[in-house]
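Have a look at the structure below, then the notes.
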Amino acid sequence: MFPGSGGNGKERRQTVRTLFGVLADGTEVSSWSLENGGTRLKVLDYGGIVQSLEIPDRDGRYANVSLGFSTLDDYVAGSPYFGALIGRFGNRIAAGRFTLDGETHQLPLNDGDRSLHGGTEGFDRRVWDVEPFTEGPDVGLRLRLTSADGEMGYPGTLEVTVTYTLTGGGDWRIDYEATTDRATVVNLTNHVYWNLAGEGSGSVHDHELEIAAARYLPVDQSLIPTGELADVAGTPFDFRTAKAVGRDLRVAHEQSLHCKGVDHNYVLDKGVTVRPEPVAVLRDPASGRTLGIATTEPGLQFYSGNFLDGTLVGTGGRTYRQGDALCLETQAFPDAPNQPSFPSTVLRPGQTYRTTTVHSFGRS
Ligand code: BGC
């Protein structure tokens, strides 16, 4: 047990470390429990995984609103990135290949003939160094790792620090930072699967979602963006005004056929910003729980949990079926290393990659 900061009398503020499991090579994996401002978060040093995130409903009843597993073995055996930190490059890279400064780099293929979420051994499968901290009203964890030059095919030694902060107001803030010793590409994100009614409670199709984006990136059959920035107006992908997630999911649009629903990157109206700006709101009318997302990033991958197929048993012992959760991944645009018209994801020596995403929880 690792006792962190004490309480402030009213709100409980604490950080507790426990053993979660042991990897095949003997490495011990810890679970870090944080509580602040009414939010409870459990994070594994394996993959920086959010193993559980509990928030109250309008009557003060807590539920774990993030899909996950109860054992380390389940995560190791094969997780569709439940709650994980994604790197070095989130989302897909066509043919797992890109050319930078005249040199072509081949990445391992782990999604048909594409590279997905950093490759076969991405940051979601690394054990991070974790250091707890308390700063003013906030508590948090600093997660660090070094990704070697050539790891998963990417050039440059990447030094990564991801800071998870639980603020005094109960927000979960993520600050991503990275530096390199050689030009590379970087696109870090987190892959929480949200179900505001509680994981394992059924479909999220009644949740209401709003996304501040007038355009999205259409994809080809392999879910690689075509390069076009298309209007959402008149398509099932229009979430400019809050609507039920499931309302248009069965509309027979060519783009939905590629991915059994929505699995698309939204071009956020605000573009890249220095400070996080609000981009999405998710609300479960039944429990009243709400999630607001603010980010500095230009894109948001909305994935409607299409490939959950009832074969995985989650934290609460229930199976996860199609549409039982959704992901809202703040990020750069997929396949950006091959698409010069997209915002650049290149990081060079001397530069610091810096992005921030804030998740705010409320009741309505
Ligand atoms: C992707 C999906 C993929 C899921 C799990 C999401 O970020 O957009 O296509 O199935 O991750 O791997």
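Indexing begins at 1, ligand by ligand and atom by atom, following the structure's order.
- Put simply, the side chain of N187 does not reach to within 4.5 Å of the side chain of E329, judged on heavy atoms.
- Judged by distance alone, the side chain of W172 and the main-chain N or O of F361 form no donor-acceptor pair under 3.5 Å.
- Residue contacts with ligand 1 for N306 are absent, since no atom lies close enough (heavy atoms, distance under 4.0 Å).
- With a 4.0 Å cut-off on non-hydrogen atoms, F82 does not touch ligand 1 at all.
- The residue Q331 has no part lying near ligand 1, judged by heavy-atom distances below 4.0 Å.
- Residue-to-ligand polar distances keep Y193 apart from ligand 1: every N/O pair is separated by 3.5 Å or more.
- Atoms of ligand 1 lying under 4.0 Å from at least one heavy atom of L116, given by number and element, are 12 (O).
- Residue-ligand proximity, Y81 to ligand 1, at heavy-atom distances under 4.0 Å covers atoms 5 (C), 12 (O).
- Polar contact check, H117 against ligand 1: a nitrogen or oxygen pair lies under 3.5 Å apart.
- Between D59 and R61 there is a salt bridge, since at least one side-chain N of the basic residue sits less than 4.0 Å from a carboxylate O of the acidic one.
- The side-chain heavy atoms of F239 and F302, taken from C-beta on, include a pair separated by under 4.5 Å.
- Between R142 and E135 a salt bridge is recorded (basic side-chain N to carboxylate O distance below 4.0 Å).
- Classification of D324 and R321 as a salt-bridged pair fails, no side-chain N sitting under 4.0 Å from a carboxylate O.
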